[in-house]
Protein chains: 2
Amino acid sequence: MYDTITVSRQLKAAGVHPTAQRIAIYHYLLSQAKHPTVEDIKAWVDQNFPKMSLATVYNTLRTFVEAKLVKELKLPHSSKTVYDTNVRNHHHFFDEDSGELIDLDPAVVTLDPALKRKYLITHIHVLLRGTQRRKYDDHA
Amino acid sequence: MYDTITVSRQLKAAGVHPTAQRIAIYHYLLSQAKHPTVEDIKAWVDQNFPKMSLATVYNTLRTFVEAKLVKELKLPHSSKTVYDTNVRNHHHFFDEDSGELIDLDPAVVTLDPALKRKYLITHIHVLLRGTQRRKYDDHA
DNA sequence: ATTAGTGCAAAGGATTTGCATAAAG
DNA sequence: CTTTATGCAAATCCTTTGCACTAAT
């Protein structure tokens, strides 16, 4: 699915020159990472790439964000930026038990249509927090 | 409206010992500040209080947050935390022209009721971004 | 050759901490 | 006196930057 050649082509298609470092990181993002922080990415890189500097990880991610290959998420529960390969419009649920971040369909949120009389809205940022219900949890 | 004695009482009522520094900052927050950063608060303090350290500003704000006198907002458009004396549940609109942050009624956002089958939601964080319409802007 | 990318270490901004002094009950 | 708050500077965390080196066209 995500072999080096495919990843390389995807980078090129986005206008990003496919270096070994970028291929490695993008491959990791696409195939294994969920919502990784720079720290997560660096840890993976340290295990799976001969030698890559932290600056290159940051540079690479900036390049990916500019090329719209990934989205950068700055969420209030953490000081660390997380990266998301889901570049479609969507929202997030933060599971307070597991620390996991779950993608939500944008359709789960509806805005009062009266808002657009006052505002020209360009971005909608929604983060829900809470816990996931277990199978037989009681819920009204 | 917000004289020293009143502010002092409000602090006490929230279980916060009213020191001169705390009274000064809380007074500023209630009477003049909109959505100030620590930098804003420190700038005001430097003009209006004999001598207060930056650490005291941070300490004071932490105390206020713990006492639920203010809310701490970490928004993705800025690296700086902003403080909000509106402690009721509400959302925000960030005006990209002016940099202004505007409070929104929580009722402007509706969540798909199906969400609560899967999740037990404890917090809803919504930030809209865009611009404010001028009086005679055309809008569909 | 010229441009683009990388690595390293140093710098940066925002916040926190440790600890000694000062104030308050 | 004993606790709590303050001030200062140093430390911390995450991220960015400057610059020399390398690789690729």
Side-chain angles (χ1 to χ4, degrees), chain A residues 4 7-9 11-12 14-28 35-46 48-67 69-83 99, chain B residues 4-5 7-9 11-12 14-28 35-46 48-67 69-84 99:
Chain A
T4 300
V7 170
S8 181
R9 281 195 189 122
L11 291 175
K12 268 189 202 135
V16 173
H17 191 188
T19 66
Q21 288 87 341
R22 288 168 177 176
I23 291 166
I25 292 179
Y26 196 49
H27 184 270
Y28 166 67
H35 286 97
T37 62
V38 169
E39 196 182 13
D40 295 332
I41 296 165
K42 185 59 163 59
W44 179 87
V45 148
D46 285 346
N48 297 276
F49 197 91
K51 183 184 266 202
M52 197 188 305
S53 74
L54 185 56
T56 295
V57 176
Y58 276 104
N59 286 336
T60 299
L61 290 167
R62 179 158 30 76
T63 301
F64 289 175
V65 169
E66 284 166 2
L69 287 166
V70 303
K71 266 189 178 173
E72 200 168 55
L73 306 178
K74 289 157 188 270
L75 303 176
H77 65 273
S78 167
S79 58
K80 300 181 184 177
T81 302
V82 308
Y83 293 88
Chain B
T4 299
I5 290 169
V7 169
S8 181
R9 280 195 190 123
L11 291 175
K12 268 190 203 134
V16 173
H17 190 188
T19 66
Q21 288 86 340
R22 289 168 177 175
I23 291 167
I25 292 179
Y26 196 48
H27 185 269
Y28 166 67
H35 285 98
T37 61
V38 169
E39 196 181 12
D40 295 332
I41 296 164
K42 185 59 163 59
W44 179 86
V45 149
D46 286 346
N48 298 277
F49 197 91
K51 184 185 267 203
M52 198 188 305
S53 75
L54 185 55
T56 295
V57 176
Y58 276 104
N59 285 337
T60 299
L61 290 167
R62 179 158 29 76
T63 302
F64 289 176
V65 169
E66 284 164 3
L69 287 167
V70 303
K71 266 189 178 176
E72 197 169 55
L73 306 178
K74 288 156 187 270
L75 303 175
H77 65 272
S78 167
S79 58
K80 299 181 185 177
T81 302
V82 307
Y83 293 87
D84 198 339

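So that the names make sense, note that chain A is the first sequence line, chain B the second, and so on, each numbered from 1. The figures that follow rest on heavy atoms only: side chains count, while hydrogens, waters and symmetry mates do not.
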Quick check on D:dT6: is either OP1 or OP2 less than 4.0 Å from any side-chain nitrogen or oxygen of B:Thr19? yes
If you look only at distance, which donor and acceptor atoms sit under 3.5 Å apart when one is on a side chain in residues 54-64 of chain A and the other is two or more places apart or in another chain?
| unit_1 | atom_1 | unit_2 | atom_2 | d |
| --- | --- | --- | --- | --- |
| A:Thr56 | OG1 | A:Ser53 | OG | 3.1 |
| A:Asn59 | OD1 | A:Arg62 | NH2 | 2.8 |
| A:Asn59 | ND2 | A:Ala55 | O | 3.2 |
| A:Thr60 | OG1 | A:Thr56 | O | 2.6 |
| A:Thr63 | OG1 | A:Asn59 | O | 2.9 |

For the residue pair A:Ala14 and A:Ala67, what are the closest heavy atoms and their distance? O-CB, 3.8 Å
Residues passing the side chain to side chain contact (heavy atoms under 4.5 Å, CB included) test with A:Glu72, sequence neighbours excluded, are A:Val65, A:Lys74, A:Thr81, A:Tyr83
Between atom CZ in B:Arg22 and atom P in C:dA24, what is the gap in whole Å? 12 Å
Taking OP1 and OP2 of D:dT6, is either one under 4.0 Å from a side-chain nitrogen or oxygen of B:Ser53? no
Test salt bridge (charged side-chain N to carboxylate O under 4.0 Å, His left out) applied to A:Lys12 - qualifying residues, sequence neighbours left out: none
Are B:Gln21 and D:dG7 close enough that a side-chain N or O sits under 4.0 Å from OP1 or OP2? yes
Could you tell me how far apart B:His77 (NE2) and C:dA14 (P) are, to the nearest whole angstrom? 13 Å
For C:dC8, take OP1 and OP2 only and decide whether either is under 4.0 Å from a side-chain N or O of A:Lys51. yes
Contact pattern, 5' to 3', of nucleotides 10-25 of chain D - B, S or - by protein heavy atom under 4.0 Å: ----SBBB--------
Residues which pass salt bridge (charged side-chain N to carboxylate O under 4.0 Å, His left out) with A:Lys42, listed by chain and number, not counting sequence neighbours: A:Asp46
Between side-chain atoms of residues 19-28 of chain A and protein atoms elsewhere (two or more places apart, or another chain), which donor-acceptor pairs fall under 3.5 Å?
| unit_1 | atom_1 | unit_2 | atom_2 | d |
| --- | --- | --- | --- | --- |
| A:Thr19 | OG1 | A:Arg22 | N | 3.2 |
| A:Arg22 | NH1 | A:His17 | O | 2.9 |
| A:His27 | NE2 | A:Tyr2 | O | 2.5 |

A:Asp46 CG - C:dC8 P separation (whole Å): 11 Å
